[in-house]
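First the structure, in the form of structure tokens, and then the observations on it.
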Amino acid sequence: MAQFFTGLRGDDPGRAADIELYLKYLDDLWALDLPSENFDGRAAVLEGFPELVPSEEGLTDDADIDAFSAVLCMRYAVLFRATGDAQQAVQCAHASLTSMALADQNIPGSDLLGAEHEFQRRAISSGHDEGALAQLREHDRARGLERLLAVHGARGGIE
């Protein structure tokens, strides 16, 4: 989901600090040796991102909806790391699956939801040693880029 935020907001110079922070949080999520205290307060910071600030207009633009989903997933992920509450991990997975289901509705013949289900199954069953995590992270990065290009390339937004 990270590329849905960084790829869709990267051309806005006013969001450079948000992107840098998002990427730091992402790196930290993969660092299993970081204590939970390192994640305290991060959800509140993300709640200040424009994507999570409620507005009267709501979200109607596809790119805005996808960026919202990416920030929402990150919020749940940092809450999980801060608290250890498995429900936060479930919410993160659900937000990602929902985002892919919505994308599938807009792209004939796509199976982004199926691919996300498979990735989540693999993530749950993979080992948690450094090698397995590095492999999982690389797969996630590559898949995220493919997903961004598939979704927003099909919509004419990214090439």
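The structure presented is a predicted model; accordingly, all values stated were derived computationally and were not measured.
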Practice item. Flag the pair L34 / R81 as yes when at least one side-chain heavy-atom distance between them is below 4.5 Å, and no otherwise. Key: yes
Practice item. Could you check if a side-chain atom of Q120 sits within less than 4.5 angstrom of a side-chain atom of S96, using non-hydrogen atoms only? Key: yes
Exercise for review: Using a strict cut-off of less than 4.0 Å between a Lys/Arg side-chain nitrogen and an Asp/Glu carboxylate oxygen, indicate whether D140 and R122 qualify as a salt bridge.
Suggested key: no
Practice item. Could you check if a side-chain atom of R137 sits within less than 4.5 angstrom of a side-chain atom of D27, using non-hydrogen atoms only? Key: yes
Exercise for review: Looking only at non-hydrogen atoms, find the nearest pair between P50 and D18 and report the distance.
Suggested key: CD-OD2, 4.1 Å
Point to revise | Side-chain heavy-atom pair L29, F80 within 4.5 angstrom cut-off | key: no
Review point. Can you check whether F5 reaches R15 side chain to side chain, under 4.5 Å on heavy atoms?
Key: yes
Point to revise | Note, M74 side chain near M1 side chain (heavy atom, < 4.5 Å) | key: no
Practice item. Mind checking the CD1-CD spacing from I65 to E51? Nearest 0.5 Å is all I need. Key: 12.0 Å
Check your understanding: Does one hydrophobic cluster hold both L136 and L32, with members joined at side-chain heavy-atom distances below 4.5 Å?
Key -> yes
Exercise for review: Look at the side chain of D104 and the backbone N and O of L112, then say whether any donor-acceptor pair between them is shorter than 3.5 Å.
Suggested key: yes
Exercise for review: Ignoring hydrogens and angles, tell me if any N or O in the side chain of S110 forms a donor-acceptor pair with the backbone of I107 under 3.5 Å.
Suggested key: yes
Check your understanding: Between atom CD of Q88 and atom OH of Y76, what is the distance when rounded to the nearest 0.5 Å?
Key -> 7.0 Å
Point to revise | Sequence-distant partners of P35, side chain to side chain contact (heavy atoms under 4.5 Å, CB included), two or more places apart | key: E37, N38
Review point. Mind checking whether Q105 and L102 have side chains closer than 4.5 Å, heavy atoms only?
Key: yes
Review point. Does a salt bridge link R9 with D64, judged by any charged N lying under 4.0 Å from a carboxylate O?
Key: yes
Check your understanding: To the nearest 0.5 Å, what is the distance between OG1 (T6) and CG (L26)?
Key -> 8.5 Å
**Study point:** Straight-line distance of L97 CG to S69 OG, nearest 0.5 Å
**Key:** 11.5 Å
Check your understanding: Got a sec: does the CD of Q135 have more than 12 other heavy atoms crowding it under 6.0 Å?
Key -> no
Exercise for review: Could you walk me through whether K24 and R42 pass side chain to side chain contact (heavy atoms under 4.5 Å, CB included), step by step?
Suggested key: CA-CA 11 Å; K24 178 187 180 356; R42 291 184 180 191; 3.9 Å; yes
Point to revise | F4 side, atom CZ; L72 side, atom CG - distance, nearest 0.5 Å | key: 13.5 Å
Exercise for review: With side chain to side chain contact (heavy atoms under 4.5 Å, CB included) as the test, would you mind laying out the steps for Q3 and R141 before giving the verdict?
Suggested key: CA-CA 8 Å; Q3 287 87 347; R141 186 203 59 76; 3.8 Å; yes
Practice item. Verify, without hydrogens or angle tests, whether Y22 (side chain) and A70 (backbone) share a donor-acceptor contact under 3.5 angstrom. Key: yes
Practice item. Return yes when atom CD of E118 has more than 12 non-hydrogen atoms of other residues, nucleotides or ligands closer than 6.0 Å, and no otherwise. Key: yes
Review point. Around H94, counting heavy atoms of other residues, nucleotides and ligands shown, do more than 12 lie under 6.0 Å from its NE2?
Key: no
Check your understanding: To the nearest 0.5 Å, what is the distance between CZ (R75) and CG (L46)?
Key -> 8.5 Å
Practice item. Ignoring hydrogens and angles, tell me if any N or O in the side chain of S99 forms a donor-acceptor pair with the backbone of A95 under 3.5 Å. Key: no
Practice item. Could you give me the CA-CA distance, side-chain angles and deciding distance for E116 and R147, then say whether side chain to side chain contact (heavy atoms under 4.5 Å, CB included) is met? Key: CA-CA 10 Å; E116 181 63 19; R147 190 168 48 190; 2.8 Å; yes
Review point. Shortest non-hydrogen contact from A82 to D40?
Key: CB-OD1, 3.8 Å
Check your understanding: Is any side-chain heavy atom of D28 closer than 4.5 Å to a side-chain heavy atom of F39?
Key -> yes
